[in-house]
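Worksheet for the structure shown next.
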Amino acid sequence: MSNPSLLYTIVDAFTSTPFSGNPASVIILPSSHHSLPSESLLRIAAEFNLSETAFLIPQTSASPSTLRYGLRWFTPTVEVPLCGHATLASARVIFSTPEGQQVDKLEFETLSGTLIASKVPGGSGGIELDFPASALDELASADELAQVSEVVSGAAGGGVSVRGVRKAGFFLLVEVDPGFDLEGAAVDANQFLKFPFDAIILTSSRPSSFRPNARFISRVFGPRSGIAEDPVTGAAHCVLAPYWSQVLDIPSGAVIEARQASKRGGDLDLIWEKENGRVRIQGNAVVTMRGELYL
C-alpha cells in the first residue's frame with residue numbers, strides 16, 4: 001500500500017521572472033485530507049522551509065462566476081493571520097486550473113476575513129488582491145523612538161537616520177533617510193528580536209535601481225517568525241500604502257509603484273482606498289515547480 005500524498009506547486013510571487021520574487025508552496029487539500037490537524041500542516045510547511053506554505057480547501061460559492069476557498073498560511077514555525085505573496089501564489093495556481101480559467105474572481109476565507117483575488121483586465125496575467133488597510137499608530141514615548149533608532153542603526157551597521165516610525169498590528173514600520181542605501185545594506189535581522197513585533201519594515205523614498213519609477217522601497221524582516229528577511233511581503237504593503245500616501249500626499253485611488261528591495265526583489269502596484277479602508281495590491285506570479293509530497 002502506497003503512502004498518502006499531496007500535490008504541491010511552488011510559485012514565485014510578485015515577479016514575472018522565475019527565481020525572483022517570493023516563493024510560496026501552494027497545496028489544494030483533497031477531501032481526504034481536509035481534516036489534517038494544524039500540527040501536520042506546520043510540519044509540512046517546515047519541510048518546504050519557505051517563508052510561507054498556503055493550504056486551500058475548496059468551498060461552495062454563492063456565485064457561478066466566483067470560486068471560493070478556505071485559506072491558511074504557515075511559516076516554517078507558526079501559522080500567520082495574513083500573507084500577501086502566498087495569497088497571490090494561491091490565486092495563480094487556481095486561475096491555472098480548468099475551473100479557474102472560467103472565472104475572474106476568487107474568494108478566500110481566512111483568519112483576516114474574506115479576501116478577494118481578481119484577474120487584472122487587459123490580458124497582462126496580473127492578479128489584484130483586495131486586502132484590509134492597516135491602521136497606523138505612533139509610538140507613545142520618546143524612549144521608544146530612541147530605542148528604535150538605536151536598534152535599527154545597530155542592525156544596519158550604524159549611520160542610519162530614522163525619519164518616521166509607526167506600529168500597525170504585528171508590524172513595526174521604520175522610515176529611514178533616503179541618503180542611506182537601504183537596497184544594498186547588510187542588515188542583521190537578529191537585532192530586531194529586541195522589538196515586540198513579528199515583522200520589521202524598513203522603508204525609504206530612495207530611488208530603486210531596479211524600478212526607477214517606484215515611489216518607495218522597503219525591506220521586511222521577521223526573525224520572530226523564523227524568517228530573517230522576507231523577499232516580498234504583500235501584507236506589509238497594507239501598512240506601507242497608507243503610510244506613503246500620507247507622507248507623499250498621494251491621493252486615495254491613485255496607483256503607487258513600489259519595490260521590495262530584498263536580494264530576490266519584487267514589484268507591486270498599490271491602490272489605497274482611504275474611504276473603504278482597503279489596499280488593492282497588483283502583481284504577477286510565475287510557477288516554477290510542481291510535485292508530490294509523501295506523508
Side-chain angles (χ1 to χ4, degrees), residues 1-13 22-62 66-97 99-100 106-117 129-132 169-171 193 196-199 220-236 238 285 287-295:
M1 182 177 178
S2 60
N3 291 334
S5 63
L6 297 172
L7 300 178
Y8 68 85
T9 305
I10 305 296
V11 181
D12 288 344
N22 200 351
S25 179
V26 179
I27 296 175
I28 302 177
L29 293 171
S31 58
S32 58
H33 289 79
H34 285 184
S35 60
L36 273 178
S38 298
E39 293 79 5
S40 296
L41 301 181
L42 185 58
R43 285 197 295 269
I44 292 169
E47 182 71 14
F48 282 111
N49 199 33
L50 298 174
S51 58
E52 302 287 346
T53 296
F55 296 94
L56 295 153
I57 294 180
Q59 297 180 350
T60 301
S61 174
T66 302
L67 295 178
R68 186 181 182 91
Y69 288 81
L71 172 58
R72 297 173 70 182
W73 309 278
F74 288 80
T75 78
T77 59
V78 295
E79 182 174 10
V80 296
L82 184 65
C83 178
H85 87 275
T87 306
L88 185 70
S90 298
R92 167 56 64 221
V93 170
I94 296 168
F95 280 141
S96 300
T97 66
E99 298 82 7
L106 307 173
E107 293 181 343
F108 297 112
E109 290 303 316
T110 77
L111 290 176
S112 294
T114 302
L115 305 178
I116 306 297
L129 307 177
D130 185 339
F131 274 26
F170 57 85
F171 285 107
L193 291 170
F197 294 92
D198 291 338
V220 179
F221 305 89
R224 284 185 178 274
S225 300
I227 305 166
E229 181 171 5
D230 198 29
V232 195
T233 317
C238 296
V287 173
T288 59
M289 190 186 309
R290 290 188 174 94
E292 191 171 3
L293 177 74
Y294 296 98
L295 302 179

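The shown structure was predicted, so the numbers you read here are calculated from the model rather than taken from an experiment.
- Taking the side chain as every heavy atom from C-beta outward, P76 and T53 never approach each other to under 4.5 Å.
- Between the side chains of T110 and W73, no donor N or O sits under 3.5 Å from an acceptor N or O.
- Taking each heavy atom of S5 and E292 in turn, the nearest pair found is OG-OE2, 2.6 Å.
- Counting heavy atoms from C-beta on, the side chains of D198 and V78 never come closer than 4.5 Å.
- To the nearest 0.5 Å, the span separating CD1 on I116 from CG on L106 amounts to 8.5 Å.
- Here the straight-line distance linking atom CG of L293 with atom OG of S25 works out to 8.0 Å at 0.5 Å rounding.
- For the atom pair CZ of F95 and CG of L67, the computed distance is 8.0 Å after rounding to the nearest 0.5 Å.
- Of the candidates F48, Y294, F55, F48 is the only one forming a ring pair (Phe, Tyr, Trp, His ring centres under 6.0 Å) with Y8.
- Two residues are said to be in side-chain contact when any heavy atoms from C-beta on lie closer than 4.5 Å; F131 and T87 meet this criterion.
- Here the closest non-hydrogen pair linking A13 and A285 is CA-CB, 4.0 Å.
- Counting only heavy atoms from C-beta outward, the side chains of H34 and P58 approach each other to under 4.5 Å.
- To the nearest 0.5 Å, atoms OG (S96) and CZ (R290) are separated by 6.0 Å.
- Contact record, S112 with P81: OG-O, 2.6 Å, taken as the closest heavy-atom pair.
- Here the CG-CG distance, from L88 to L129, works out to 5.0 Å after rounding to the nearest 0.5 Å.
- Among residues at least two apart or in separate chains, side chain to side chain donor-acceptor pair (under 3.5 Å) pairs with a member in residues 221-236 are N22-D230, S51-D230, R219-E229, D230-T233, T233-Q260.
- Pairing each heavy atom of A45 with each of F74, the nearest pair is CB-CB, 3.7 Å.
- Between T75 and E52 there is a side-chain heavy-atom pair separated by less than 4.5 Å.
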Apply the test side-chain contact (heavy atoms from CB on, under 4.5 Å) to residues L115 and L82: give CA-CA distance (whole Å), side-chain angles for both, the deciding distance (0.1 Å), then the verdict.
CA-CA 10 Å; L115 305 178; L82 184 65; 3.8 Å; yes
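- Here CG of L29 is found 9.5 Å from OG of S35. Values are rounded to the nearest 0.5 Å.
- No more than 12 heavy atoms of other residues, nucleotides or ligands shown are found within 6.0 angstrom of CD on E47.
- Nearest heavy-atom pair across A199 and V220 is CB-CG1, 4.3 Å.
- Closest of all the heavy-atom pairs between L111 and V80 is CD1-O, 4.1 Å.
- Counting only heavy atoms from C-beta outward, the side chains of V93 and L56 never approach each other to under 4.5 Å.
- Put simply, the side chain of I28 does not reach to within 4.5 Å of the side chain of L7, judged on heavy atoms.
- Screening residues 73-94 for salt bridge (charged side-chain N to carboxylate O under 4.0 Å, His left out) gives R72-E79 as the qualifying pairs, with residues at least two apart or on separate chains.
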